[in-house]
Amino acid sequence: MKKLVIHPVTRIEGHAKIDVYLDDAGHVADTHFHVTQVRGFEKFTEGRPYYEMPGITARVCGICPISHQLASAKTCDAIMAVSPPPAAVKLRELVHAAQFVQSHALSFFHLSAPDLLLGFDSDPARRNIFGIIEENPELAKAGIGLRKFGQDLIEGLAQERVHPGWIVPGGVNAPLKPEVRDRTLAALPAARAAADRALETLKGALDSFSEEIAHFGSGPTMYAGLTNESGEPDWYDGLLQFRDASGGLVAADVRACDYPEFIGEAAVRRSYMKAPYFKPRGYPGGVYRVGPLARVNVAQGFGTPAADRELAEYRQRFGECPQSSFLFHYARLLELIHGIEKIERILEPATILSKHVRARAGVNALEGMGMIEAPRGILIHHYKVDESGAIRWANLIVATGHNNLAMDHDIGEVARHFVDGNNFKEGMLNRVSALVRAYDPCLSCSTHANGMPAVTIALRSSDGELIKMVD
Amino acid sequence: MPENLSIRIDGEYVPAEAGQTILEVARAAGKYIPTLCWLENITPVGACRLCIVEVAGVGRLLPACTTPVQDGMSVTTNSEKLLRYRRIAIEFLLAERNHQCAVCVSNNHCELQAMAQKLGVTHSRYAYGYPRLPVDLSHERYVLDHNRCILCTRCVRVCAEVEGAHVWDVASRGTRSMIVCDMNHPWGEAQTCTNCGKCVQVCPTGAMAEKGYAVEEMSKRGANVTRLVRLGGRL
Ligand code: SF4
Ligand code: FES
């Protein structure tokens, strides 16, 4: 048997390695997705004061630290048994929406657009954001501008872009400044136009990717996402919904504190990630996906006009509950549009400027759970503390982790369809990498617990001899 | 009348009296010497070695905060050599325990961090010890994180000399040294502690902090504590 190794997989957050095994006839026999870095956040937080957790766990990730801070702060709220003041909740939602916008913009424009616009088989040396700048400078500008819009809002709220200490247990540590609100409202039209341009570009390119749409992990899975009571996505505070592959509701309105009843975690051979599964269906039957595709499949509608218009068109094209992982890109852009509308909605009422943004309390509960939607999917923090507030035990279930099993399965499918060991071309393996990019996994997050994030693909013969290495 | 001495600091004659330390004389003359463990109006102990100076005719470097002036002394407060040794002192402090600024309550308000930046220390060339040290969360309002303690003993001295409670002491020796409360009890069980928080306010790092503060939120008001001692009223 031959083996192909993709290592590192590029244009993703973190490092990963994919082995593609070829049989003697040169066909793909098996694939392995490995994440090889050990990190151990859950272990080294033992004994720390619980209120330090938003700051510490933010360090799990430089891409979506806000998500970890929010999940952690919600967990701390539960330990303090307080409800943050209404303006604090809105401000947390605001910084969260800003994070979605900047993260989705990065995923689409910087990481995925090179494949989508220049083509999977285009020159790898040009298949990056610089290629986009040459090919479609207006689009590149829109992307950079949109990312900046999100970043600027985060910086305006929290004074820092990457690891702000503004989100604290009980709320946030400073109210919104009127000038930040005015500045953001003024930047909204340009942000909306940039998001529309991205979606138009993607829609225009879809026809050339029908083969990818059909074969990018179309294996049916369940889906999980957070929504409010009306079935609209609620990224900050929604209840967990599970739907099966045909869109039927399997478990509804699960609260953070009940997650252990519904989510089990399996250790995965060959990888440092943990694989969560839907407990009532067991492992590995309970594979579900999270993230943009899952959230759109789980929700009834967005509840904001522009996103709902686009959702109607999307569903007309692909049905109520499409399975193709390629559509992560499309769903992500729908969310981008929704995120911008959300920011506007939150900023409009004057109450957002309230100065009352923090509740204070000591340890009032010895256990707490906090659940949010990170840009890549559901994120759960769960801590146990002693009476003095020292962390005794912590568990983090991260977005990319939920998608592990599905991603592993999809890699196999994409490799079997596109990779031909007898007639090897770089673009074949790029499709395997692109599948991973469609999920936009964050491997630094998913290995927070035990464990190398960019992906390398290796092609090996049946006796394990390395034939080709693609970085 | 104290005896007036003839002292030169960096080549300049400065006013000095018998009984003063090099640091006091230098400060009175407006000469800067870096310090970390030293506190105004509190007994100096010479724990951190940041204030080392060169004294003409003396073969080793001397801590300015504890070395009394002598007639005819010529002191150098700044040189390549001093900078090198001061950096080493900071690097040792950083390597000894677990100073993770990014997640510390005192980030951006920390005297150790500020001094490292001032002296151009960006990392430690010595292997980090990564000791496993406890965090004492037992006190209702305050927390002591030994991971961030540099054993400057400011807390010990302020508690004994200003508050008069003498809750804190140093136990063990060498790298095993630890700040202890009463006879090595959890802070929350201390019989002597008056909950005044003076130790917290003078602690130069995030080792002592008020509870509930998130990353970067703990800025301190040490001068409020040292002002309580009348100038010259040293015990
Ligand atoms: S706890 Fe603070 S004040 Fe006390 S010795 Fe340690 S660093 Fe110095
Ligand atoms: S200030 Fe003199 S030794 Fe610390």
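Values in this document were obtained by computation on a predicted structure and should not be read as measured data. Proteins come first, then strands; the chains are lettered A, B, ... in the order of their sequence lines, and each starts at number 1. Only this structure's heavy atoms are used, side chains among them; waters, hydrogens and symmetry mates stay out.
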Should the pair Arg360(A)-Glu210(B) be classified as a salt bridge under the 4.0 Å nitrogen-to-oxygen rule?
no
Non-hydrogen atoms of chain B under 4.5 Å away: do they reach the side chain of Pro54(A), the backbone, both or neither?
neither
Show the nearest heavy-atom pair for residues Ile56(A) and Val103(B), with the distance to one decimal.
CA-CG1, 3.7 Å
Can you confirm whether more than 12 heavy atoms, excluding those of Gln191(B), are under 6.0 Å from its CD atom?
no
Neighbourhood of chain B inside residues 70-77 of chain A, taking heavy atoms under 4.5 Å as contact:
none
How long is the gap from CG on Leu137(B) to CD on Glu387(A), to the nearest 0.5 Å?
12.0 Å
If I measure from the heavy atoms of chain A, does Glu217(B) come under 4.5 Å with its side chain, its backbone, both, or neither?
side chain
Does CD belonging to Glu140(B) count more than 12 external heavy atoms closer than 6.0 Å?
no
For Val168(A) and Ala214(B), work out which heavy atoms get closest and say how close.
CG1-CB, 3.4 Å
Please determine, among Val143(B), Val135(B), Asp136(B), the option with the most heavy-atom pairs under 4.5 Å with chain A.
Val135(B)
Check whether any side-chain heavy atom of Asn147(B) lies under 4.5 Å from a side-chain heavy atom of Arg48(A), and answer yes or no.
yes
